[in-house]
K.L.:
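First, the structure itself, so that you have it in front of you.
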Amino acid sequence: MPAITSVSSRSAQPGSESRHTTATIVLACLGVFVSYLPVVGVSVALPVIQQALDASTVGLQWITDAFILPTAALLLTCGMIGELYGRKKTWLAGLVMFCLGCLVCLTAGSVVQVCVGQALTGIGTAALLPSTLALISHVCPDHHKRARVIALWTASLGLGLTLGPLFNGVIVEHTSWRWIFLPALVVGVVTTVIGAVVLRESRSQRERHLDIPGQILAIIAITGLVYGVIEGGSAGWGSAEVVLAFVAAAVGLLAFVVVELRSPCPMLDMRLFGSSAFSGAALVMGLTLFAQVGLVFALSEYFGLVHHASTWDIGLRLVAINGFTVVLSPLVGRLMNRTSPALLLVTGLVVGGVGALCVNLFRASTGTGEAALVVGVLGIGIALAMAPITTIAMNSLPRRLADTAGAANSALRQIGSALGPAVFGVILTNRTLDTLPGHLARSGLSAADQGEVSGVVSHVGIQAGAFLRLKTPEATGQALSAYGASFTDALHTCALVGGVGMLVAAVIAFFTIGVRTRVVQETGGTPEVATHPAGAAGTTATGDVS
């Protein structure tokens, strides 16, 4: 592979280089903050959107995945576009597309229009994520400084995920749900204007071209997988459309790998996975985001439908999941340079997995304090894990592959994020329906009332908690109690899946990265990764895939 020389469109005086570096870092962090501001914010507002637009459970899942799917499918191509045409141009184009999507959602009158707006913001985010990481790598060649800045980047991501629900809670309490997209739109427009003036252009000079066959196959594989999971829960796993979706996903993935291996200019260079640290971090990233975003989806539905909490209250109860990422980021950034990032990663995944499993302690009547404690443990685990995952992935490869590595890392993040709500939504629906008859039989309701409740839940799905009204207040209370117990059983299954997923990710990290892996030096553009996994002390592996 030829060496890559990153060039800037204009040179800077030495005295201004530090200011430019700082400005670039700030704008990169603002970009990722803007792109994640509406993610969880939209999730916690789903009960309100459902009532306003009469959306089904599947419709709600598509509102979430309409954002995540194009993000995951286009990340690799956008990373390549950044290399070819400039990171600043890609960053600006992403912000413009993101703002356009927010504007479409702001005027939405149907689920379809919300999904279209979410898709546009997803396309914008696909351009923003790899370009922000590439900008950071470009101005931070020293891996120690890069680790601290990536911790700041992760904190900005977490800040967007944290503030989104709180902003949306205030908005929904006082005005229409549509205005939840206004804060992201305003911040996006301001950031675009500042970036257009301040950022310098940079790109790679190696010979590259767009990988159209790879992009098409990636879209087929990712869309087929997520579509099959979402529709399988409602149409049935054996239905023709679901089977066809999974077949398309499998064939698309296999063809994608074959095409990328044979392509002279692949969208995803398979040699990246020659680094065990990068491969492990990529797989761990997907599993962790699958568990995190899926649990946020499930918990927001639980608090809204079982506890009947307002959007603001839901945001407050979930703030710790991403809030600790913001609060602990300075500490995590320092620890990554003083100890092994991999040790922090494994520790965080174990703590997060235990926190997720503790959700099994929840009952329909669980108080806010107990819920906040469990959510806090989950949040601490995620805070310890997120920055190390990205740092390991970026530092395990040559700096010249920053665009591709950042895009691949973000792609796995978004694929996991897309599958989380899809899988957990199916679990919530199917498990609630499976356990409801038993809880109804013990509720004291008449056979007629039990049949009516079952019919409503079967027709409406898990959102039925907002619509259950029987002839008497007593009967309604008994029905809601049975529904709440069934939904909580479903939440326990989600917690088991999420917790086990994070613990499996910890095992994968332990064996593929090792708990003593540290990037110690970059020689000739290639980081040398000193690896001392358990049982192999003293061995050394390099992350050089050139």
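Nothing here was measured: the structure is a model prediction, and the numbers come from that model. Only this structure's heavy atoms are used, side chains among them; waters, hydrogens and symmetry mates stay out.
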K.L.:
Considering only heavy atoms from C-beta outward, does the side chain of Leu103 approach that of Cys99 to under 4.5 Å?
P.N.:
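A side-chain contact is absent here, since even the closest heavy-atom pair is not under 4.5 Å.
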
K.L.:
So, do Leu503 and Leu349 sit near enough that their side-chain heavy atoms are less than 4.5 Å apart?
P.N.:
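The answer is no; the side chains never approach within 4.5 Å.
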
K.L.:
Kindly state whether the ring of Phe362 and the ring of His492 have centres lying under 6.0 angstrom apart.
P.N.:
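No, too far apart.
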
K.L.:
Side-chain contact, heavy-atom cut-off 4.5 Å: Ile382 with Met502?
P.N.:
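They are in contact (side-chain heavy atoms under 4.5 Å apart), so the answer is yes.
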
K.L.:
Could you give the distance from CG (Asn360) to OG1 (Thr493), rounded to the nearest 0.5 Å?
P.N.:
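These two atoms lie 8.0 Å from each other.
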
K.L.:
With the side chain counted from C-beta on, respond yes when Asp313 and Phe303 share a heavy-atom pair under 4.5 Å apart, and no when they do not.
P.N.:
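Side-chain contact under 4.5 Å: no.
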
K.L.:
Between Thr107 and Arg178, is any pair of side-chain heavy atoms under 4.5 Å apart?
P.N.:
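In short, these two side chains do not touch, never coming nearer than 4.5 Å.
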
K.L.:
Under a 4.5 Å cut-off applied to non-hydrogen side-chain atoms, are Ser156 and Leu30 in contact?
P.N.:
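Counting from C-beta outward, Ser156 and Leu30 never come under 4.5 Å.
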
K.L.:
In Å, rounded to the nearest 0.5 Å, how long is the span from CD of Glu201 to CZ of Arg87?
P.N.:
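Separation between the atoms: 8.5 Å.
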
K.L.:
Apply the test side-chain contact (heavy atoms from CB on, under 4.5 Å) to residues Leu129 and Val32: give CA-CA distance (whole Å), side-chain angles for both, the deciding distance (0.1 Å), then the verdict.
P.N.:
CA-CA 6 Å; Leu129 290 179; Val32 74; 3.6 Å; yes

K.L.:
Any chance you could lay out the side-chain contact (heavy atoms from CB on, under 4.5 Å) test for Trp91 and Leu199, step after step, and finish with the verdict?
P.N.:
CA-CA 10 Å; Trp91 184 87; Leu199 277 182; 3.6 Å; yes

K.L.:
Report yes if the side chains of Gln118 and Phe181 come closer than 4.5 Å at any heavy-atom pair, otherwise no.
P.N.:
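Yes, their side chains come closer than 4.5 Å.
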
